[in-house]
Amino acid sequence: MKVLSGASSSVFRSSILVIFLSVSIFWLLPSTYRPQQQNLNPQNVTSSEPEISGKTNYIIRFKQYKPAKNHRVYLESKVRSGGWGWIERNNPAAKYPTDFGVLWIEESGKEAVVGEIEGLAMVKDVNVEFRYQRVLLGGSFLDGKKRPGKIFTSMSFEEGAEHSAKAATFNTTLNWSRHLLGQKTQVTSMFGADVLWKKGYTGAKVKMAIFDTGIRADHPHFRKIKERTNWTNEDTLNDNLGHGTFVAGVIAGQNSECLGFASDTEIYAFRVFTDAQVSYTSWFLDAFNYAIATNMDVLNLSIGGPDYLDLPFVEKVWEITASNIIMVSAIGNDGPLYGTLNNPADQSDVIGVGGIDYDDHIASFSSRGMSTWEIPHGYGRVKPDVVAYGRDIMGSKISTGCKSLSGTSVASPVVAGIVCLLVSVIPEARRKDLLNPASMKQALVEGAAKLSGPNMYEQGAGRVDLLESYEILKSYHPRASIFPSILDYNDCPYSWPFCRQPLYAGAMPVIFNTTILNGMGVIGYIESPPTWHPANEEGNLLSIHFKYTDVIWPWTGYLALHMQIKEEGAQFAGEIEGNVTVKVYSPSAPGESGHRRSTCSLQVKLKVVPTPPRAKRILWDQFHSIKYPPGYIPRDSLDVRNDILDWHGDHLHTNFHIMFNMLRDAGYYIETLGSPLTCFDAQQYGTLLMVDLEDEYFPEEIEKLRNDVINTGLGLVVFAEWYNVDTMVKMRFFDDNTRSWWTPVTGGANIPALNNLLASFGIAFGDKILNGDFSIDGEQSRYASGTNIARFPAGGFLHSFPLLDSSESGATQNLLLTGSSKEDPAVLGLLEIGEGRVGVYGDSNCLDSSHMVTNCYWLLKKMLDFSSSNIKDPVLFSKFSKRYSPVITDENQLPSRRTDVNFSTYSSVIGKELICESDSRYEVWGTKGYNLHVRGRNRRLPGYHGIDLGRGLNFTVEKTRPARWRSAWKGSELSSSRSKYLGVFNRDEVIQVICQFF
């Protein structure tokens, strides 16, 4: 089951986020409800009927919790524009204060109405109301067409489904066959649940919220269905699809053929999906508020999608966990692809669950990390948190009997059931003092069994171990910790990608991004800057800059290590060991005299080698990559019609991870640049590798790259993608929800920007969309929606192949031109210019593991051998491919930028300041780039020569305040009735804390 919720903090941003959302704007209230017609503004009429054309629903978020009637009266007394009305919500949450309302607004006057509402003092923001649709066996796009509802990812597999997938870290194929340990094997026995049952722990007095499709009241598999609530517009509480019942059965079923983990758990079934698998944002927000108000203990969400910028949904999840509700969520069924984590499971305060089979192999369907929302300047987090059995799991059918399903939405309730069982271990009087989202995650990740083979972005901490977690909780005292707690370059493949490439002097910082888990309280603080404690003298060769959140909320924060080897370690080969410590404190609990304090430790074991020669060093451009969210960035291969979004991160360690491994196997060292091209020293690198890039370029970048190649001898290799305005226009669709046409922000790559960058070398790409198979020296290749080379200078080597142009103009030419009159398009060019060498290729799909047909790693290696070392492959540099005259295309025939898209919304260049961020070398942080004065000098260590161009310290720190804290609470007044949800301190302390940090 999957869902994407949400919107952003403004109507404009909301529009960006709903590019892939609902094509329906119907709002259907329960048929039993008849709203009162009570309006202070006679122009605005409360709506209880289905929406009609010309009206769109909006969610208005307020800064205070108040009865819905109060919010309505406030708006009707303040908003003078007409053409809008309040929509009553008749559901169980109506008797509690709320922080939002739903309005219909006429399309013709929405700008005026929305603008007026956004200007009100008590309004936090205005967002489009989203409709969601979940399909158990599909995605948001079918045969290239947008389905009704919000974007979602693939769901649980049907019974008996088998899957084949590439192994995550190795370029091989594994066939996962169905493997059950026996017809009567129970997943509960695989975790030793019966050991705790014999001790009397069965989930008693644990309130379990299941957000799903409902459940039937008289289902014989359940002892304690305490409450069923309906949040949809259908007049039923029953489950007519079966998924909600199945999830409940895994958690608390008592049938002997499909036992759940905690049969005495109190089930609270939240029916948030209709029989047509449709839901609305407001239904979820109301249901979340009700879960908070009724003091749920655990909440299972077998839903998710790629939109981690859905602020109303994301911030409500923060509020759920801040209210001490332990949330468990499926990580996604988009494996074996990397960078496919689903939200909200990718949030640090949520327990994200991946799936394995009974042989302890990562299930092919289980999404892989890393998280992508901190790219490009940062680095992803380790997710999932844990994995659990998720293939052929037995659960309850709708009415009676059992069946098996597979998917991470099945693994999620496995962990949710384990959590319920563990909660019941703690005496009820002490549960809220000891158990919270952080302490439960600590027990799970510290007790998990690390699997041999999968890396950290596949398995997280490992397979959840119920009995080990039980032992941890038995003696648990509130504390803070770091996850992962160790970075060991000797532990391969678990520590991939770090263990695949050692550190060396002069490299870009290697970033390791950890999560701080604070079991001491919902809010915490870093008491003093983190400290690096080397185990020996060689450890002083390591320079670390720390970035971290000074406010840890809710329950979690981050600590990122930016690691570099000092210049005096340029010839050092060996290992560096030590520990990073950071002190955390939280406000005292009732009855305690002082703050709660804890010292967290991260063990570090690094491999260091002498700085490699320039020709072996490659720099990967991450800065100019744009992904979804927030923009409609289309897929690179137009043949892939059921996954039209470019949302996998386009990072060396996500969808280009196989390429990364190949380059390491070939002896290359690959570094990542998340800042502009002015922020690296070209003399240190053999080649700049630019693949599938969508952003623009600063003028300073263009000028520097020209100088780097021609005068400094930097190699440049570019893999482009399609760009055709007519095709982009055809890819647009009308979204009934936002009443707008949505078109891709750019093509597969931003060809007009790349052409500007390459103009100094006499190279330009065209607007053809080429497809077909060809071979070079016996190597078969597939060209999948790539572009053509439209300009190329004389003296270079250019390769053309008989490929089919599927663009609109190309299709016409394919019919008119035949035989000798039809010229094969050029797609591969190699050029020596000045001191440097340039290679260009028009398609990147052969490097991207997302939807690859055939790889072209062999071609990449030959291009890098040329660009870095001037090694010329005899086939690529044959006399038949040499150009004795330039390829010329008129300027007006080259691809042009679109004028109907505000590209600055998505760009890191347009309207932005050129600045080197913390992913570049220390000496240029906060500057515009190189050719600046060196800032400092480190002391020399015995036996090591040279200077460090860094700040002259072994470690430096940078504190950041979490955006989630600001967006969630800034400007809000917290009522006394809700202060309990913020932890073990009172309202005045909360307000004082907020004032201190803003």
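The figures here come from the full heavy-atom set of this structure, side chains too, leaving out hydrogens, waters and symmetry mates.
- For the pair Arg368 and Tyr457, the cation-pi test (distance below 6.0 Å, angle within 45°) is failed.
- Residue Asp465 comes nearest to Gly447 through the heavy atom pair CB-O, 3.1 Å, listed as atom of the first residue, atom of the second, then distance.
- In this pair, Trp553 and Trp318 present their aromatic rings perpendicular. The plane angle is above 60°, beyond the 30 to 60° band.
- Judged as a salt bridge (Lys or Arg N to Asp or Glu O under 4.0 Å), and not counting sequence neighbours, Arg431 has no contacts.
- Going from atom CG of Asp264 over to atom OH of Tyr201 covers 14.0 Å, rounded to the nearest 0.5 Å.
- The residues Arg381 and Glu374 are annotated as salt-bridged, a charged nitrogen and a carboxylate oxygen being separated by less than 4.0 angstrom.
- Between Ile292 and Ser323, the closest heavy-atom pair is CG2-OG, 3.5 Å.
- Residues satisfying the salt bridge (Lys or Arg N to Asp or Glu O under 4.0 Å) criterion with Lys95, sequence neighbours excluded, are absent altogether.
- Between the side chains of Asn536 and Glu577, no donor-acceptor pair of N or O atoms lies under 3.5 Å.
- Checking Asp286 against Asn289 by side-chain atom types alone, no donor-acceptor pair falls below 3.5 Å.
- Put simply, the side chain of Lys124 never gets that close to the backbone of Gln64: no donor and acceptor are under 3.5 Å apart.
- For the pair Trp555 (side chain) and Thr321 (backbone), a donor-acceptor distance under 3.5 Å is present.
- The aromatic rings of His562 and Trp925 stand perpendicular to each other, their planes meeting at an angle above 60°, with 30° marking the opposite boundary.
- No side-chain donor from either of His595 and Ser586 sits under 3.5 Å from a side-chain acceptor of the other.
- Relative orientation of the Phe498 and Phe512 rings is perpendicular, given thresholds of 30° and 60° on the angle between their planes.
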